[in-house]
Amino acid sequence: MKKGFITAGVLATVLAMPAAAQMSVEDQIKTRQSAYQFAAWNMGKIKAQAIDGEVAFDEKQMLAAANAIAAVANSGMSVLYSRDSANDRAENTRLKPNFFEEPMKVREIAVSFVREANALQEVAAGGDKAAIARQFAKVGETCKACHDNFRAK
Ligand code: HEC
């Protein structure tokens, strides 16, 4: 009985481990870069249709793009940020080490990224082009805030 109990406990611990624990630093970097690239691709679609007007406005495409950005924002990306994955220790990354020295600032920016991305999703569901453009700008500010603070040039 006792042995079975311990085994279950160990199993629960393993299941509770963040996914990054099994992920190499290289994979963390590649995954977060791809996620941001994907978000940027979708931001670009909204910009082209709701702001620049170089592509005809399509409500469904705007919602699909907003859904994708919100999915990235809500995916729990913090597990892709281990200390060893900053650019003072790892290759092929622009993550600055101060990311790990300013957790309050990181949190504040991450929380606003999620909040504004969720709001964009809601606004996009309404289909109002001007409202989408305004909320797009708010999301863009959160992207920029993080890059200005934590992404190397
Ligand atoms: C919490 C901070 C944070 C937020 C929010 C954020 N980014 Fe980034 N972004 C980074 C960091 C850090 C990197 C560098 C990652 C690396 O090189 O490991 C990066 C890299 C990128 C890259 C380059 C990816 C590559 O292939 O190297 C693009 C494009 C990008 N971000 C776009 C965006 C857009 C668009 C948004 C908002 C919708 C956004 N990011 C929100 C921190 C953030």
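As the structure lists them, so they are numbered: ligands from 1, and atoms in each ligand from 1. For the numbers below, each heavy atom of this structure counts, side chains included, while hydrogens, waters and symmetry mates do not.
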Is there a path of hydrophobic side-chain contacts, each under 4.5 Å between heavy atoms of I, L, V, M, F, W or Y residues, that connects L80 with V106?
-> yes
Should R94 and N87 count as side-chain neighbours, where that means a heavy-atom distance under 4.5 Å?
-> no
For Q37, take its heavy atoms, then give the atoms of ligand 1 lying under 4.0 Å from any of them.
-> 24 (C), 25 (C), 26 (O)
Looking at side-chain heavy atoms only, is the closest gap between V123 and D128 below 4.5 Å?
-> no
For D52, which residues count as a salt bridge (charged side-chain N to carboxylate O under 4.0 Å, His left out) partner, sequence neighbours excluded?
-> K47
With R83, which residues qualify under salt bridge (charged side-chain N to carboxylate O under 4.0 Å, His left out), at least two apart?
-> D88
Do you know which two heavy atoms are closest between I109 and A145, and how far apart they sit?
-> CD1-O, 3.8 Å
Purely on distance, is any nitrogen or oxygen of N92 under 3.5 Å from one on ligand 1?
-> no
Counting only protein N/O/S, how many atoms fall short of 2.8 Å from atom 8 (Fe) of ligand 1?
-> 1
Partner residues of K129 under the salt bridge (charged side-chain N to carboxylate O under 4.0 Å, His left out) criterion, sequence neighbours left out | none
Cluster check L120, F38: I/L/V/M/F/W/Y, side chain < 4.5 angstrom | no
Could an N or O of ligand 1 be found under 3.5 Å from any N or O of R32, whether backbone or side chain?
-> yes
Aromatic plane relationship, H147 with Y36 - under 30° parallel, 30 to 60° tilted, over 60° perpendicular | perpendicular
Below 4.0 angstrom from a heavy atom of F113, which ligand 1 atoms are there? Numbered from 1 as shown, please.
-> 5 (C), 37 (C), 38 (C)
Return yes when Y81 approaches ligand 1 closer than 4.0 angstrom through a heavy atom, no otherwise.
-> yes
Find all atoms of ligand 1 within a distance of less than 4.0 Å from any non-hydrogen atom belonging to L95, and give their numbers and elements.
-> 12 (C)
